[in-house]
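Input: a single structure, listed below in structure tokens.
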Amino acid sequence: RSSDLGESMNPVKVFGTFDCKPEVLYAVLQDPIYRETWDESRLEGFKVARLDERQEIGYYAAKSPATGVSSRDFLAQRIWQATKKGEYVIFNTTAQHTAVPEGREKRVRGY
């Protein structure tokens, strides 16, 4: 983990154009149940804790696409906001929570 190594955070901005309304794309990305219908790598995903109306901690596990490489899981704090311009901003950062310790189903925790 970068924080354990004393490294700084490396933010990544992703921009794209999609042929749908921003609120639809936002809903597709944020809905863990609907994600089962389109995310072929997903093994498991759920909300761990709701922190407030715009923040939660979520769990996501993905199968490895390669033989001999362990599947990965991620525990992330998500923060989101809709702007006055109709844009949606979603920020994720690594989190820890006692409800989902590392080593679940022998997956490797991604950071």
Side-chain angles (χ1 to χ4, degrees):
R1 296 191 286 198
S2 294
S3 60
D4 290 345
L5 301 173
E7 298 174 6
S8 62
M9 183 187 317
N10 295 312
V12 176
K13 289 184 181 182
V14 178
F15 295 91
T17 303
F18 298 89
D19 189 22
C20 66
K21 293 182 179 184
E23 57 270 19
V24 172
L25 179 60
Y26 170 81
V28 167
L29 293 172
Q30 292 290 90
D31 186 338
I33 296 169
Y34 182 65
R35 188 173 190 142
E36 293 177 27
T37 66
W38 61 267
D39 186 349
E40 295 175 4
S41 297
R42 181 190 181 280
L43 291 171
E44 187 177 14
F46 55 86
K47 179 174 37 178
V48 176
R50 179 84 179 216
L51 305 177
D52 63 31
E53 69 278 352
R54 295 186 310 110
Q55 286 190 82
E56 67 185 22
I57 295 176
Y59 177 81
Y60 174 77
K63 62 185 169 188
S64 171
T67 303
V69 177
S70 298
S71 295
R72 302 288 191 257
D73 69 359
F74 303 87
L75 193 58
Q77 181 177 348
R78 293 187 285 258
I79 304 166
W80 59 90
Q81 180 172 349
T83 70
K84 292 180 182 179
K85 294 185 207 177
E87 300 167 328
Y88 285 75
V89 177
I90 303 171
F91 176 78
N92 287 289
T93 188
T94 299
Q96 294 182 1
H97 198 283
T98 56
V100 190
E102 290 188 44
R104 183 180 176 96
E105 302 288 328
K106 299 189 181 195
R107 297 174 185 141
V108 175
R109 181 66 43 99
Y111 292 97

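These figures come from a predicted structure and were not determined experimentally. For the numbers below, each heavy atom of this structure counts, side chains included, while hydrogens, waters and symmetry mates do not.
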Please find the pair of heavy atoms, one from [X] and one from [Y], that lie closest to each other, and give the distance.
| X | Y | result |
| --- | --- | --- |
| A49 | H97 | CB-NE2, 4.0 Å |
| R50 | D52 | NE-O, 2.8 Å |
| L75 | V100 | CD2-O, 3.9 Å |

Flag side-chain contact, heavy atom, 4.5 Å: [X] against [Y]:
| X | Y | value |
| --- | --- | --- |
| V24 | F18 | no |
| I90 | Q30 | yes |
| L51 | E56 | no |
| Y26 | C20 | no |
| V28 | W38 | yes |

Problem set entry | Cluster check V89, I79: I/L/V/M/F/W/Y, side chain < 4.5 angstrom |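 They do not share one cluster, since no chain of ILVMFWY contacts under 4.5 Å joins V89 to I79.
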
Exercise. So if you build clusters from Ile, Leu, Val, Met, Phe, Trp, Tyr with side-chain heavy-atom gaps below 4.5 Å, do Y59 and F74 land together?
Worked result: no

Exercise. For V108, which of S64, S71, S70 qualifies under side chain to side chain contact (heavy atoms under 4.5 Å, CB included)?
Worked result: S70

Measure the [atom1]-[atom2] distance between [X] and [Y] for me, rounded to the nearest 0.5 Å.
| X | Y | atom1 | atom2 | answer |
| --- | --- | --- | --- | --- |
| E44 | K63 | CD | NZ | 14.0 Å |
| Y60 | D39 | OH | CG | 3.5 Å |
| L43 | R72 | CG | CZ | 12.0 Å |
| I57 | Q96 | CD1 | CD | 10.0 Å |
| K106 | D73 | NZ | CG | 14.0 Å |

Problem set entry | More than 12 heavy atoms from other groups under 6.0 Å of CZ on F46 | yes

Exercise. Is a side-chain donor or acceptor of R107 paired with a backbone partner of A62 at a separation under 3.5 angstrom?
Worked result: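 Side chain of R107 to backbone of A62: no pair is present.
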
